Amino acid sequence: MKLLKKTASVFLSVCLLLAVAPAAFALTLEPSGYELEVSDYAPGQSTETGAIGGNYSLFTFDDFFDLSGGQYEAYRDAVNWWLSCGVTNGGETWDRFGVEQDFARYDLAFFLYRFYNISNDDGLWLYDDFSHNPLAGDTNWKFTDAVYACRWSGVLGAYEGNSFAPLRTADAATVLDSLFKVLTWSPEILDDETKAEIEAQTGNPYTETTTSVNAVFPAELVAAAAEAKDPEDFFIGAGLVDPEIDLAAPLSKLDAIQLLYGICRGTGARTGDKFDLFGSTSVINDYAEDAHVSGETFELIGPGASDEIAGTSLIVAHDGADVLIEDSSITVDNVTEGLGYQLAYRWGDSMAVVAYGEGTKLTFVNCDFHWLDTVERQHGGFFPTCGATIVIDDCAIDHQSSGMCYNGTLIFKNCDLTTAGTQTGRMHSSDFFSGITIYDGSTMNKDGIGEDDNTPTAFNDEAASLYIVNSPYFGNGFGTMTGVATAYAENSVLDATVTGFTNNTSQLTDVTSYTIYNCDVTYDAGICTLQKEAKVDARYIDCGEVKLGGGIVSASGEMEDGVFDITIDGAEFGSYSSLRIRLDGTTFSRPLNVYVAPGCELIIEVQPGTPLPEVIQDTSAVKTVTSYVEKKAFPQAGYELPNLGSVIVREVDWNS
């Protein structure tokens, strides 16, 4: 055990607040099998699909007033499945589901994309009726990934000509046709004429190796579908669809959910075994079978920005191998990223340590990692994917770019995670559908000495989860969070920078969430910022006084220009960003200094017995909104907007 960890552990025991803890239990994280001792405040995992991480238990049918009254009771199971299957976890607002909403074609694209983990790395096959450019001034780019992935895979294509018609309400025939294509999908689903069209539009040869649809339909259903000719007749004949269905009628949101529920429950594959990272990438140490290595030196050191060393991985475990590496040294230096951002959903092609495939486990014990020049962001560190697990136990890592997840689990147990150096890479990145990152008794410093510079970034995207348990110091808050991601901290000391929240992936009103329980919390320069229609549920439980720095510069409450503890300024699709903070046994060290743009809202709900916090909203203050916003919602976007959004502070028994 390193000295820094011992010192930090003493600091933890001194700083943590004494509180009556709720029931503790061992949360088993699938598919890693790792057991984490947490309280009953920790987020669970979905039982609906093969999901790994994600925010799946935030809402249920009963949380939405427009579903009450009994007239929608027949939709209860379908709605609860919808909220827990990793596609979305919220309704139209905090308490309204949106029963009157239509189900648009881009809603269908998002369902297929997320639930069946459709991936596409072949590039853009453009439609004429929306842009893929986020700077183009429209909102269609927000669901570009889903629409194009569905087009490349062949499961949902154009509506008419080269138009997708994203806002057109989907009908049952379109839904059934798409699900039939998922059920019968293979890389050869596109005919030669379509492939030629792709090549003509993209200027690239068509390839079939980097598009995938991960579904787990029963084998007998797949076999029967292979012989079927008509999607509608097939699903009706299989007893999955009501024979009286009107195939041409536009679908409401509830009817679409009911239709999808009848066919799709239990068929989503969040952890496919497809992995196309390597291609021409070379592997120095390849483990396809169980292995135990001790006292070795692993090195990947290039001569500089060299084509020869780019695209090389140092240690790779796969195909169910259980590999233990202990008492060893791992060094990576002068490795370029090769083709930067080569694979849109698998990040770069110069990963230092990789594990992929269900059942694969790569464990490092008492090792020293030296991530040196050019190992940063998408191009270095640890990369578990396709259901694999990487465990780093009692190790030291001297660079902030320590790990990324894509459908895998990354565990730091009893580690020293320092970030010496000047590069600003990602400390972790639990990205794109259900990655889990765990800090269990690990020390995370900003630069090795606890100063404020060189702060690493983090990224929790889509259905990712982050757990911070018994960790003495965590330097960068929760980084950036989006989609249906969730974070949880327990019995830890958090000296945090601002957490950024953005919803740039779905119109389905995702809610990102985090819970901080029994922690000593300090925010040096603000709590959070919300952009792009982000919706966030934040809970602080038994944390005593949360210490706030910056922001207010005088006892009279005068605000420093442009500095706020909370900034909420996002809007897209005509819906605005919203933050709900829930406090139980937690106060703030001073009044909260907030900026809330017009149309956005801040809701603070305090459990009975907890004092109401004071909130300062200087309505004369203005802020230049820099997020990509819907011009219809903020016609003055790009200009200075007044601090006139809704701020509500109230006492609510939200445990009842």
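Please read all numbers here as calculations on a predicted model, not as lab measurements.
Note: Tyr488 and Tyr41 fail the aromatic proximity criterion, with ring centroids not under 6.0 Å apart. The ring of Phe115 has its center closer than 6.0 angstrom to the ring center of Trp81.
Ion pair Asp62/Arg76 flagged as a salt bridge, since at least one NZ, NE, NH1 or NH2 atom sits closer than 4.0 Å to an Asp/Glu carboxylate oxygen. Salt-bridge check for Arg650 with Glu605: passed, with a basic side-chain N closer than 4.0 Å to an acidic carboxylate O. Arg96 has no carboxylate O lying under 4.0 Å from a charged side-chain N of Asp63, or vice versa, which leaves the two without a salt bridge. Between Asp584 and Arg539 there is no salt bridge, since no side-chain N of the basic residue sits under 4.0 Å from a carboxylate O of the acidic one. In this structure, Arg580 pairs ionically with Asp537, as a charged nitrogen and a carboxylate oxygen lie closer than 4.0 Å.
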- Given side chain to side chain contact (heavy atoms under 4.5 Å, CB included), test Leu592 with Ile616 step by step and report yes or no. CA-CA 6 Å; Leu592 289 170; Ile616 297 176; over 6 Å; no
- Task: Apply side chain to side chain donor-acceptor pair (under 3.5 Å) to the pair Asp440 and Tyr34, showing each step before the final yes or no.
- Result: CA-CA 11 Å; Asp440 187 357; Tyr34 189 80; 2.6 Å; yes
- Message: Run the side chain to side chain donor-acceptor pair (under 3.5 Å) test on Asp327 and Asn366 for me, step by step, so that the C-alpha distance in whole Å, both residues' side-chain angles and the decisive distance to 0.1 Å come before the verdict.
- Response: CA-CA 5 Å; Asp327 301 321; Asn366 196 32; 2.7 Å; yes
- Query: Given the rule in the side chain to side chain contact (heavy atoms under 4.5 Å, CB included) test, do Thr363 and Lys413 qualify, once you have shown the distances and angles that lead to the verdict?
  - Reply: CA-CA 11 Å; Thr363 304; Lys413 182 178 181 181; over 6 Å; no
- Run the side chain to side chain contact (heavy atoms under 4.5 Å, CB included) check on Tyr523 and Asp565 step by step: do they pass? CA-CA 9 Å; Tyr523 289 107; Asp565 298 308; over 6 Å; no
- Message: Working note: Glu601 + Ser578, criterion side chain to side chain donor-acceptor pair (under 3.5 Å); need CA distance, chi angles, decisive distance, verdict.
- Response: CA-CA 5 Å; Glu601 67 177 353; Ser578 178; 2.8 Å; yes
- Message: Set out, in order, the CA-CA distance, both residues' side-chain angles and the distance that settles side chain to side chain contact (heavy atoms under 4.5 Å, CB included) for Val596 and Thr567, then state yes or no.
- Response: CA-CA 6 Å; Val596 186; Thr567 299; over 6 Å; no
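The backbone N or O of Ile566 lies less than 3.5 Å from no partner atom in the side chain of Asn593, so there is not a single donor-acceptor pair. For the pair Lys535 (side chain) and Tyr576 (backbone), a donor-acceptor distance under 3.5 Å is present. The closest donor-acceptor contact from the side chain of Thr502 to the backbone of Thr482 lies at 3.5 Å or more, if one exists at all. Of the possible donor and acceptor atoms, one in the side chain of Ser492 sits under 3.5 Å from a partner among the backbone N and O of Asn470. Here the side chain of Thr512 pairs a donor or acceptor atom with the backbone of Gly483 at under 3.5 angstrom. Not a single donor-acceptor pair under 3.5 Å links the side chain of Thr486 to the backbone N or O of Tyr514. Judged by distance alone, the side chain of Gln607 and the main-chain N or O of Gly585 form no donor-acceptor pair under 3.5 Å. For the pair Thr610 (side chain) and Val606 (backbone), a donor-acceptor distance under 3.5 Å is absent. Between the Thr586 side chain and the Cys543 main chain, a donor and an acceptor come within less than 3.5 Å of each other. Although no hydrogens or angles enter the test, the distance criterion places a donor-acceptor pair under 3.5 Å between the side chain of Ser589 and the main chain of Leu548.
No donor-acceptor contact under 3.5 angstrom links the side chains of Trp82 and Thr88, judged on distance only. Asn518 and Asn491 share a side-chain donor-acceptor pair at under 3.5 Å.
Val353 is listed as a side-chain neighbour of Phe364, based on a closest heavy-atom distance under 4.5 Å. Residues Ile648 and Leu602 have side chains not in contact (no heavy-atom distance under 4.5 Å, counting atoms from C-beta outward). Taking the side chain as every heavy atom from C-beta outward, Pro613 and Leu583 approach each other to under 4.5 Å. Side chains of Val615 and Ile604 form a contact here, defined as non-hydrogen atoms less than 4.5 Å apart. Under the 4.5 Å side-chain criterion, counting only non-hydrogen atoms from C-beta, Ile568 is not in contact with Tyr595. The shortest side-chain heavy-atom distance between Thr389 and Pro384 does not fall under the 4.5 Å cut-off. Side-chain contact between Ile438 and Val469: absent, with no pair of heavy atoms (C-beta onward) separated by less than 4.5 Å. Looking at Phe61 and Phe97, their side chains never come closer than 4.5 Å, going by heavy atoms from C-beta outward.
Here the straight-line distance linking atom CG of Leu494 with atom SG of Cys519 works out to 4.5 Å at 0.5 Å rounding. Considering CD of Glu490 and OH of Tyr467, their distance stands at 11.5 Å, rounded to 0.5 Å. The distance from atom CD of Glu326 to atom SG of Cys395, rounded to the nearest 0.5 Å, is 10.0 Å. The structure places CZ of Phe588 at 4.5 Å from CD1 of Ile527, a figure rounded to the nearest 0.5 Å. Expressed to the nearest 0.5 Å, how far CG of Asn80 lies from SG of Cys85 amounts to 11.0 Å. Rounded to the nearest 0.5 angstrom, Ile330 CD1 and Asp368 CG are separated by 8.0 Å.
Across all their heavy atoms, Gly98 and Glu92 have their closest contact at CA-OE1, 3.3 Å. Here the closest non-hydrogen pair linking Gly90 and Leu83 is N-CD2, 3.7 Å. In plain terms, the two heavy atoms of Ala538 and Leu579 that are nearest each other are CB-CD1, 4.4 Å. For Asn89 against Phe59, the heavy-atom pair with the smallest separation is O-CD1, 2.6 Å. Closest of all the heavy-atom pairs between Ser442 and Cys415 is OG-N, 3.1 Å. Closest of all the heavy-atom pairs between Ser577 and Glu533 is OG-N, 3.3 Å.
Of the listed residues (Ile392, Leu466, Ile436), just one forms a side-chain contact (heavy atoms from CB on, under 4.5 Å) with Leu410, and that residue is Ile392. For the pairing with Phe501, the side-chain contact (heavy atoms from CB on, under 4.5 Å) check across Asn460, Thr529, Thr480, Leu530 returns one residue only, Leu530.
Under the 30°/60° scheme for interplanar angles, the aromatic rings of Phe382 and Phe369 are found to stand perpendicular.
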